[in-house]
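Please read the structure below before turning to the comments.
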Amino acid sequence: MVGWRVAVLCLWVSCCSAARQLEYSVLEETVRSVAVGNVSADLGLSAAALRLRNFRLLSSLREPYFGVDLASGSLVVREPADRERLCGTKAACVLTYELVLEDPLELHKMRVHVVDINDNSPVFPAGDVQLHIPEFLLPGARFTLPNALDADEGSNGVLTYTLSPSQHFRLIMGSRVDGSEYPELVLEKALDREQRATHQLLLTAKDGGQPARSGEAQVTIIVVDTNDNAPVFERTVYRAKVPETAPNGTLLLRVQASDPDEGSNGEIRYSLSNSTLVELRHYFHVHPRNGEVRVAASLGLPETLLEAYIEARDEGTFGLASTVKLLVEVTDVNDHAPEVNLLTLSSSVSEDAAPGTVIALFSLRDEDLGPNGKVFCSMSSGGPFKLKASFDNYYSLLTDGPLDREQVSEYHVLITASDGGSPPLSTRRTVTVSVADVNDNSPNFSQPQQELFVAENNDPGASLGRVFAQDPDLGENGLVFYELLDIISERQTASSLVAVESTSGAITAKISFDFEQLRGFHFQVEARDGGIPPRSAAVTVNLFVVDRNDNAPVILFPLPRNGSVPVEIVPRSARTGHLVTKVVAEDADSGSNAWLSYHIFQASDSSLFRISANMGELRTARFILPTDAVKQRVVVVVRDHGDPSLSSSVTLGILLSNFAPQVLPDFEDTWERGGHLSTQNLYLVIALASISFLFLGCLLFFVCIKVNQSPACCSQSCCRSSEELRQGRKMASNPCMTSATIDVTTVERLSQTYLYRASLGLGSDNNSLLLCGEYSAADLRNLATGVGLNLPISCIHIRNRKGDHVNVNAMVSKS
């Protein structure tokens, strides 16, 4: 053997004259480059001679399966050779080659025998086998099976057959005339298609190679049916329930029969059997194919049991049939709802009714039978009620707790009657229960105390507010009346201060309240309903008097003495901030109306003094200069913070001196100006001058007009009336009577400028001078001097004195 798969079986060399024939053997499928034999040696040549003599290998094959290695002279495999493809079914497979040598020319023949190996498995050409065997065949019947083929030769192609185990079949080998064998299938046991319609067998063919190869074929045996089985129903008895109102066509049930036979032998038709009573046949209809049983007519009264028979027959040549019983129970249908019959009903129930009070009595009824006619009663109200069963479906509606009309005045009790059907039917009825009112609630104020506010100086009869109480009762029980309880408050009876309107609760004032005398008081108002017996409640009303700014500040210090201006002495050596005096005032009002502030309203020298707005302390604002006047006059105004604000003033005389004089100078005369002119005074002078020039211009204008309008021969003096002339003569004849007309201009403390045109004359008693206007004492002295009356000041009588001014009338008496 050469290589792992090569065996050189034989070498024969023909030594005839010049031509030789070489033969070699090689196993099929030998791999490439395996040496089969040595050609050069077999030809008696060296390997080098092959190359020198131009050795060639000729073949008619397309593929070069073999070749000669010129280096070694060996015959080697070029391509693996498949014997079955090259030679098919031939017993011997030989490949022929020609060997050509030159110098001298030689021609040799070479034959290569391809030896078979077991490289092919047996194959069934027809593939899987299918046999149709009737189920009525007896055991011993034979069925030929196909042979398997094996492309290998010799023992590699000899086949043996086996069959998978089966209780119905076995395998034997049959012989043909030519001696060949074939497999046969023999029936060992009778077949039954209804038990097993198909049989699967495995046929195996095995060759004689080493190792052996095998092939398999699936043998399917189909058992052909015969009509040997009658239809069989799934149940022995079919039962159905159908409602009494089932319409025609209602499906009762579906009967089902089975026939294991095949084809027409197994096709079943259904019908009513002749065993069914004639009078019941029209009630039902049976579908011949699917076995559905439907209602064909009205089934009659409920609680009835109907009996029928259903037949199933196959369609074989000799049809086989079977019968089953059908029991149909006609059931009652819940087609009647319960009825609720109200027998008695109270129109209303008092809210103080005791638990268990009967409100209504009713009965229930249902025309259905059995559970469909059994009635259950329930209630839904959300109130204190309950149902109580009496007898024979009679029920009572009772109270189950206290009632309160003020919370719920009317209840809607829903009575639901349901039967035991499936689904249940129900009837609902609403019973309206009205709760009658009783006087069980007292009037109620939202708060136990109430506060009212009234501004002082109100008008009697002014509305102060109102009280309000609620009574949830109905009608007269809820009608509220108000009454003032005449209790003593602040040493006064409440009825003397306020009044309460009985129906509305409006509170009015009987008097005008003064905050400074009465700042508040309380009283009670009682609310009483109209029930029998009545119920009442009281509320305390706190009335607060609100302050108004009706009181001006009152200056407590400094105060004028005997009508003179209070005087303070300040040394000329006083420094800045020296305390001159402190103005003290009070205000009878309260709150912001009593908050006081102090201001310098007027001063001889506004730069010399300042005052604390909150404390009222008057201090020097700078050093006292030698040029400052000795007498200083300051007007301090005290103002509250009311709306509108009220004020009071005090005039202070300030003496700038290092020594206290024995007699204080008079500060009642004109203001003594200092060396400085304030801005306020400057504005006053400018305004005064402007008004004076305007007045003089107007006066000159009117005089010119009068002069132009009067005749030259007549003057104002000659146009006087005779009465005036007589009076003039009388006055002229009286040496003690004088008269004059003067213009009087006064300055009212730098606040306003007044211009007076006054006529002065002696009174009827010839001892008095009548004046009209408003003058100060100093003005009267200046006026008397101006008219040429040398009168002592004691002869001046002042009426209606208020402050430093004379109101309306002043009389100057002449002695």
Side-chain angles (χ1 to χ4, degrees), residues 4-5 7 26-31 79-93 114-226 260 262-263:
W4 61 280
R5 294 185 59 186
V26 62
L27 297 177
E28 66 173 328
E29 304 295 342
T30 300
V31 298
E79 289 292 336
D82 186 357
R83 196 196 70 84
E84 287 76 25
R85 189 170 70 86
L86 292 175
C87 302
T89 59
K90 293 181 180 179
C93 183
V114 180
V115 181
D116 180 53
I117 62 174
N118 192 21
D119 59 346
N120 291 280
S121 299
V123 176
F124 289 92
D128 294 340
V129 180
Q130 188 177 61
L131 300 177
H132 292 78
I133 302 176
E135 62 177 333
F136 60 82
L137 290 181
L138 298 178
R142 295 185 178 191
F143 306 95
T144 302
L145 297 178
N147 287 89
L149 300 178
D150 193 326
D152 295 325
E153 67 176 0
S155 62
N156 294 334
V158 177
L159 302 178
T160 59
Y161 296 89
T162 58
L163 185 67
S164 60
S166 173
Q167 62 177 344
H168 292 279
F169 299 95
R170 64 184 177 89
L171 183 66
I172 62 172
M173 298 301 295
S175 298
R176 296 186 179 91
V177 178
D178 59 357
S180 62
E181 294 183 347
Y182 58 90
E184 277 188 327
L185 191 65
V186 179
L187 180 63
E188 287 283 318
K189 183 180 178 181
L191 300 175
D192 189 350
R193 195 202 64 81
E194 287 72 31
Q195 292 183 2
R196 188 173 181 179
T198 59
H199 297 263
Q200 300 289 339
L201 302 177
L202 186 62
L203 179 62
T204 304
K206 183 182 297 185
D207 60 22
Q210 294 294 330
R213 290 177 174 268
S214 62
E216 297 176 346
Q218 187 78 30
V219 179
T220 302
I221 299 172
I222 300 175
V223 182
V224 180
D225 180 59
T226 58
E262 194 177 24

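Judged as a side chain to side chain contact (heavy atoms under 4.5 Å, CB included), and not counting sequence neighbours, the contacts of Ser166 are His168, Phe169, Leu201. Judged as a salt bridge (Lys or Arg N to Asp or Glu O under 4.0 Å), and not counting sequence neighbours, the contacts of Arg170 are Glu188. In this view, Ala212 and Lys206, Asp207 satisfy the side chain to side chain contact (heavy atoms under 4.5 Å, CB included) rule, not counting sequence neighbours. Under the rule for a side chain to side chain contact (heavy atoms under 4.5 Å, CB included), the partners of Arg142 that lie at least two apart in sequence or sit in another chain are Ile172, Glu184, Val186. The side chain to side chain contact (heavy atoms under 4.5 Å, CB included) search around Thr198 returns Ile222, not counting sequence neighbours.
Between Pro122 and Ala205, the shortest heavy-atom contact is CG-O, 3.5 Å. The two residues Leu187 and Leu138 have their closest heavy-atom pair at CD2-O, 3.2 Å. The two residues Phe124 and Ala217 come nearest to each other via the heavy atoms CD1-CB, 3.5 Å.
When side chains are defined from C-beta on, Leu185 counts as touching Leu131, because their heavy atoms get closer than 4.5 Å. A heavy-atom distance below 4.5 Å is found between the side chains of Val129 and Val219. The shortest distance between side-chain heavy atoms of Arg83 and Cys93 falls below 4.5 Å. Side-chain contact check for Arg176 versus Tyr182: some heavy-atom pair is nearer than 4.5 Å. Considering only heavy atoms from C-beta on, Val223 stays 4.5 Å or farther from Arg196 through its side chain. Proximity of Leu145 to Leu203: side-chain heavy atoms (C-beta onward) are separated by under 4.5 Å at one or more points. Inter-residue side-chain proximity for Phe136 and Asp225 is flagged as unmet; no heavy-atom pair is nearer than 4.5 Å.
Between Glu216 atom CD and Thr162 atom OG1 the span is 8.0 Å, to the nearest 0.5 Å. Within the model, atoms CG of Asp82 and CD of Glu79 stand 12.5 Å from one another, a figure rounded to the nearest 0.5 Å. The line from CD1 of Ile221 to CG of Leu191 is 7.5 Å long, rounded to the nearest 0.5 Å. Here Ser121 contributes atom OG and Leu159 contributes atom CG; the two are 10.5 Å apart, rounded to the nearest 0.5 Å.
Within the structure, side chain to side chain donor-acceptor pair (under 3.5 Å) pairs that include any residue of residues 124-135 comprise Glu135-Thr226 (at least two apart or interchain).
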His199 vs Thr220, side-chain contact (heavy atoms from CB on, under 4.5 Å): CA-CA, chis, key distance, verdict: CA-CA 6 Å; His199 297 263; Thr220 302; over 6 Å; no
Test side-chain contact (heavy atoms from CB on, under 4.5 Å) applied to Val123 and Asp150, step by step: CA-CA 6 Å; Val123 176; Asp150 193 326; over 6 Å; no
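With Tyr161 contributing its side chain and Ala148 its backbone, the two residues share a donor-acceptor pair below 3.5 Å. Checking side-chain atoms of Asn147 against main-chain N and O of Glu181 turns up a donor-acceptor pair under 3.5 Å.
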